[in-house]
**Student:** 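Please find one structure pasted underneath; my questions will follow.
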Amino acid sequence: MSFVEYKEFIEDGDTAIVFLGHDSMFPITIQNGSQTQTKYGVIRHSTDLIGKKYGSKVICSKGGWVYILYPTPELWTLNLPHRTQILYSTDISLITMMLELKPGSVVCESGTGSGSLSHAIIRTVAPTGHLYTVEFHQQRAEKAIEEFRQHKVDDLVTVKNQDVCKHGFGVTGIADAVFLDIPSPWEAIGHAKSAMKSEGGRICSFSPCIEQVQRTCLALEEHGFTEINTLEILLRVYDVRTINLQVADLGRAAEEKSSLDGTDRTKQISAVQHGSALFKSGVPPRETVGHTGYLTFATKSLF
């Protein structure tokens with residue numbers, strides 16, 4: 001299996017997602033002879049999984065069932081083993097758009113971390129692009145290399161274990177875009193500029209603190225970057241519900257004149273209707289997910 005190509009049937013050695021519900025899933029590595037324990041019972045890889053189609057409904061030993069899903073970068077983000085704090089799909093989608101990534105793009109990234117953004121970038125730039133990712137921590141770099149090899153994307157990514165602030169990305173003049181997620185991104189702006197193509201490119205820096213953003217923006221200006229702007233995404237999901245609301249009684253009066261025995265009489269007819277109405281309404285959450293980080297974008301100037 002590969003995170004950038006889809007296949008239909010489950011095979012030995014694949015990484016798959018066991019889906020118990022939208023808020024309950026986990027990754028497994030398919031191994032002939034192995035078994036996985038869930039709250040619905042045991043899943044036997046040899047008889048229950050290998051040879052079945054991805055998306056299949058699998059009956060567990062206790063009678064409950066799960067679904068076996070093909071892994072995507074989005075599902076991997078929700079299920080990966082956390083070695084560091086990670087970026088989620090909300091931020092990743094904006095980064096992918098603002099960096100103008102597409103198949104064939106060459107991207108430099110630091111740091112690799114748990115590989116959440118890395119998998120999304122690889123899927124976007126495949127099949128002819130490449131990701132150069134730098135990780136300062138040796139064990140995290142080695143684990144990232146192992147995961148990329150297991151997910152069959154190691155031909156699309158190069159992992160370097162070094163300090164990007166001192167030694168850069170190890171490449172010069174080839175990157176279409178650069179992404180920085182490090183404690184002091186302002187120290188790596190010069191290396192990022194040298195890694196980018198001479199005809200320009202885009203850069204993004206993710207920082208949780210506004211003081212980091214201020215120093216990064218100053219460094220970007222000093223190195224001649226333009227179109228510098230900082231964004232923050234606050235996701236607010238509305239819950240669509242059916243609301244039963246009582247109809248407002250605003251009152252209605254009409255005058256009816258009639259002639260009886262030569263005398264005009266005025267009748268007040270009040271048409272008052274009481275009842276309720278059903279309609280769909282978007283209800284905002286009582287609590288909203290707070291600040292994750294600031295995304296600072298800029299463009300390498302051609303002049």
**Student:** Return the OG1 to CD distance between T36 and Q31, rounded to the nearest 0.5 Å.
**Tutor:** 9.0 Å

**Student:** Going by atom types only, do E146 and Q150 share a side-chain donor-acceptor pair under 3.5 Å?
**Tutor:** no

**Student:** Could you check whether any side-chain heavy atom of K300 comes within less than 4.5 Å of a side-chain heavy atom of F225, counting everything from C-beta outward?
**Tutor:** yes

**Student:** Might you confirm whether atom NZ of K53 has over 12 heavy atoms from other residues, nucleotides or ligands at distances under 6.0 Å?
**Tutor:** no

**Student:** Side-chain contact test, heavy atoms from C-beta onward, threshold under 4.5 Å: evaluate it for S184 versus W186 and give yes or no.
**Tutor:** yes

**Student:** I'd like to know whether the aromatic ring centres of Y70 and Y6 sit less than 6.0 Å apart in this structure.
**Tutor:** yes

**Student:** Would you say the side-chain atoms of T38 pair up with the backbone N or O of G41, donor to acceptor, closer than 3.5 Å?
**Tutor:** yes

**Student:** Do S276 and L245 have side chains that approach each other closer than 4.5 Å (heavy atoms only, starting at C-beta)?
**Tutor:** no

**Student:** Applying side-chain hydrogen bond (donor to acceptor under 3.5 Å, both in side chains), name anything that partners S118, two or more places apart in sequence or on another chain.
**Tutor:** E109

**Student:** Do V164 and I182 have side-chain heavy atoms sitting under 4.5 Å apart?
**Tutor:** yes

**Student:** Side chains of I122 and V4, heavy atoms from C-beta outward: is any pair under 4.5 Å?
**Tutor:** yes

**Student:** How close do Q37 and F26 get, heavy atom to heavy atom, and via which atoms?
**Tutor:** O-CZ, 4.5 Å

**Student:** Quick one: list whatever passes ring-ring contact (aromatic ring centres under 6.0 Å, His included) with W76, sequence neighbours left out.
**Tutor:** F3, H119, H151

**Student:** Show me the side-chain donor-acceptor pairs of residues 197-206 shorter than 3.5 Å, one per line, residues at least two apart or across chains.
**Tutor:**
from	atom 1	to	atom 2	distance (Å)
K197	NZ	D176	OD1	2.9
R202	NE	M98	O	2.9
R202	NH1	T299	OG1	2.7
R202	NH2	M98	O	3.3

